[in-house]
Amino acid sequence: MATTTSARPFISRALLRIAGPAAIYLLATVLSRAASILLIPLYTRSLSLSDYGDYALAQTLVNLGAAPISLGMSAAVIRFYFEKGDVAVSRARAGSAARWLVLLVIGLVAAIALGIVATRPADSHGLYGRWELLCMTWSAGGYAIGWIPGLYFRNAQRPVLAACFQLGEFFVTLAAGLLMVLVLGRGLRGAIEATALAASVLAAASIVYILTSMKGPLDTRTLREALRFSLPFVPHTAGNQIQLVTDRWTLKLTGYGEALGGYSIASQLTTPISMIISSWNDAASPMIGEAYRQDGMQGIASRYGRFQRSFPLVALAAGIAVCVALPILSQLVAPAFRGALWIVPFFCASFVVESLYYPNSVVL
């Protein structure tokens, strides 16, 4: 009994330590993704059901392409940060991996762009148009670079600075969408261009930060070590993304393009759940990293049970909140999209199961 009682203050302090940064990350994540939610009324009124479905598919291609284009190097940035007992050495190795990531992404984006130009006609349009595919490719590369400063700040447990980058993402995403779709009226092409424009701004800011603040030598030994660690994550991440987008592509390829638009909106309205789970993960994961730095796998084992159990509880609470707020959320979309919202509770339930991915992924 004495052991259990003495453990309670420690657990309480740990939860409070997580909850504070988690609240900051949640606010920042809400802001960064709120732009896409705020654009829902504009996009659903400017695009047809079919066009909105194609826009959703374009987003899946961007998300699917980010890991292969970066060769999974963001995983090496995280690992290197916690690998050594000397924090300065760890930060230098993480900085070196980040610089290599920038060079690799730029090179691969250029190579893919040349392939697109060589194989797609200049006058092609729509989801498979030359210009649209080029925009998606650069978006994937831009986000692969743009996420690095936020990852670095989360590792350093500096949530306010990480939040500043996400706040910037909110402004550029919202401004790009308003410019391309509302002001210029470019429809589906403009929505895809807006993604590329936002990714470009984020990538430029991140490159400046990586070059000026993430110091680390561009030695080939670090590159080899980083690739040896990160490349196995590429099929893993790609597999996860394919699981997430198979439903949308199945609808598209079987002739249900209009149904895809409503289905995508229903999925998008559950974004707050993933925001909350992601924010909790951002706040809690560095503690596991520090436990590994101090005590190795034994340190992780001693904390893992509480760490894992917290995720489905957070997802369940968020899902209930979304279902309660559904009558309000439904007012964000155009009337033609509302008939698909009955599936939102099913999405919410799936997040509770999916939340168990995060703690296992952190340890792996």
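Predicted model, so just to flag it, every value in this text is computed and none were measured. In what follows, residues are counted from 1 in the order of the sequence shown.
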(request) Search all heavy atoms of L356 against all heavy atoms of N360 and return the closest pair with its distance. (result) O-ND2, 2.7 Å
(request) Write down the atom of S70, the atom of V105, and the distance for their closest heavy-atom approach. (result) CA-CG2, 3.8 Å
(message) Is there a path of hydrophobic side-chain contacts, each under 4.5 Å between heavy atoms of I/L/V/M/F/W/Y residues, joining I320 to F346?
(response) no
(message) If I take atom CD1 from residue I242 and atom CG from residue L64, how far apart are they, to the nearest 0.5 angstrom?
(response) 5.5 Å
(message) Could you report the tightest heavy-atom contact between V77 and A98, atom names first, then the distance?
(response) CG2-N, 3.9 Å
(request) Say whether T222 and W100, considering side chains only, have a donor N or O and an acceptor N or O under 3.5 Å apart. (result) no
(message) Looking at every non-hydrogen atom in both residues, tell me the closest pair between S330 and R338 and how far apart they are.
(response) O-NE, 3.3 Å
(message) With a 4.0 Å cut-off on N to O distance, would you call D123 and R130 a salt bridge?
(response) no
(message) Within the structure provided, determine whether Y55 and T195 are in side-chain contact (heavy-atom separation under 4.5 Å).
(response) yes
(message) The test is side-chain contact (heavy atoms from CB on, under 4.5 Å); show your working for Q268 and Y52 and say whether it passes.
(response) CA-CA 12 Å; Q268 196 170 3; Y52 195 91; 2.4 Å; yes
(request) Could you tell me whether the side chains of T250 and D247 share a donor-acceptor contact shorter than 3.5 Å? (result) no
(message) Does either side chain, that of Y128 or that of D54, offer a donor lying less than 3.5 Å from an acceptor on the other one?
(response) no
(request) For residues I277 and S355, report the shortest heavy-atom separation together with the two atoms involved. (result) CD1-CB, 4.1 Å
(message) Any non-hydrogen side-chain atom of L101 less than 4.5 Å from a side-chain atom of I210?
(response) no
(request) Mind checking the OG1-CD1 spacing from T271 to I40? Nearest 0.5 Å is all I need. (result) 7.0 Å
(message) Less than 6.0 angstrom separating the ring centers of F337 and Y43, yes or no?
(response) no
(request) Using the side-chain contact (heavy atoms from CB on, under 4.5 Å) rule, take M297 and V363 through it: C-alpha gap first, then chi angles, then the decisive distance, then the call. (result) CA-CA 9 Å; M297 292 304 294; V363 174; 4.2 Å; yes
(request) Determine, stepwise, if the pair Y357 / F351 fulfils ring pair (Phe, Tyr, Trp, His ring centres under 6.0 Å). (result) CA-CA 10 Å; Y357 163 81; F351 274 109; over 10 Å; no
(request) Ignoring hydrogens and angles, tell me if any N or O in the side chain of S124 forms a donor-acceptor pair with the backbone of R120 under 3.5 Å. (result) no
(request) Find out whether V234 and P68 are in side-chain contact, i.e. whether some heavy atom of one side chain is under 4.5 Å from a heavy atom of the other. (result) yes
(request) Could you tell me which non-hydrogen atom of L341 sits nearest to which non-hydrogen atom of A266, and how far apart they are? (result) CD2-CA, 4.0 Å
(request) With rounding to the nearest 0.5 Å, note down the distance linking OG in S264 to CD in Q59. (result) 10.0 Å
(request) Would you indicate whether the side-chain heavy atoms of L223 and L104 approach each other to under 4.5 Å? (result) yes
(message) Counting C-beta onward and ignoring hydrogens, is there a side-chain heavy-atom pair between L42 and L39 closer than 4.5 Å?
(response) yes
(message) Donor-acceptor check, side chain of T173 to backbone of F170, threshold 3.5 angstrom: yes or no?
(response) no
(message) Given 3.5 Å as the limit, does a donor-acceptor pair link the side chain of R93 with the main chain of V89, or not?
(response) no
(message) Within a 6.0 Å radius of atom CD1 on I328, are there more than 12 heavy atoms belonging to other residues, nucleotides or ligands?
(response) no
(request) Test S74 against W147 for side-chain hydrogen bond (donor to acceptor under 3.5 Å, both in side chains), laying out the working first. (result) CA-CA 8 Å; S74 59; W147 291 330; over 6 Å; no
(request) Determine whether W138 and Y143 make a side-chain contact, defined as any pair of heavy atoms from C-beta on separated by less than 4.5 Å. (result) no
(message) Between M136 and L127, is the side-chain contact (heavy atoms from CB on, under 4.5 Å) condition met? List the steps.
(response) CA-CA 10 Å; M136 289 180 234; L127 183 63; 3.8 Å; yes
(message) In the structure I gave you, are the side-chain heavy atoms of N63 and V245 within less than 4.5 Å of one another anywhere?
(response) no
(message) So does A76 get a backbone contact from the side chain of S230, meaning a donor-acceptor N/O pair under 3.5 Å?
(response) no
(request) Would you kindly confirm whether V352 and L269 end up in one hydrophobic cluster when ILVMFWY residues are joined by side chain heavy atoms under 4.5 Å apart? (result) no
(request) Keeping the roles fixed (side chain from R45, backbone from P41), state whether a donor-acceptor pair exists under 3.5 Å. (result) yes
(request) Without swapping roles, check the side chain of S361 against the backbone of Y358 for a donor-acceptor pair under 3.5 Å. (result) no
(message) To the closest 0.5 Å, what do you measure between CD1 (I207) and OG1 (T212)?
(response) 11.5 Å
(message) Evaluate R91 against Y152 for side-chain contact (heavy atoms from CB on, under 4.5 Å), listing each step before the verdict.
(response) CA-CA 9 Å; R91 288 178 175 174; Y152 186 79; 3.6 Å; yes
(request) Would you give the length of the straight line joining atom CZ of F229 to atom CZ of F80, rounded to the nearest 0.5 angstrom? (result) 8.0 Å
(message) Under 4.5 Å between side-chain heavy atoms, counting indirect links through other Ile/Leu/Val/Met/Phe/Trp/Tyr residues: same cluster for W342 and V322 or not?
(response) yes
(message) I want to check something: taking the side chain as every heavy atom from C-beta on, are F311 and N281 in contact at a cut-off of under 4.5 Å?
(response) yes
(message) With clusters defined by side-chain heavy atoms of hydrophobic residues (ILVMFWY) lying less than 4.5 Å apart, directly or transitively, does L202 cluster with L167?
(response) yes
(request) Give a yes or no on whether the backbone of L211 and the side-chain of R99 come within a donor-acceptor separation of less than 3.5 Å. (result) yes
(message) Please check this pair: side chain of S139 against backbone of A196, looking for a donor-acceptor N/O pair closer than 3.5 Å.
(response) yes
(message) Rounded to the nearest 0.5 Å, what separates atom CG in L61 from atom CD in E132?
(response) 12.0 Å
(request) Verify the cluster assignment for L197 and V208: are they in a single hydrophobic cluster under the rule of side-chain heavy atoms below 4.5 Å apart? (result) no
(request) For the residue pair Y292 and Q298, confirm or rule out a side-chain donor-acceptor distance under 3.5 Å. (result) no
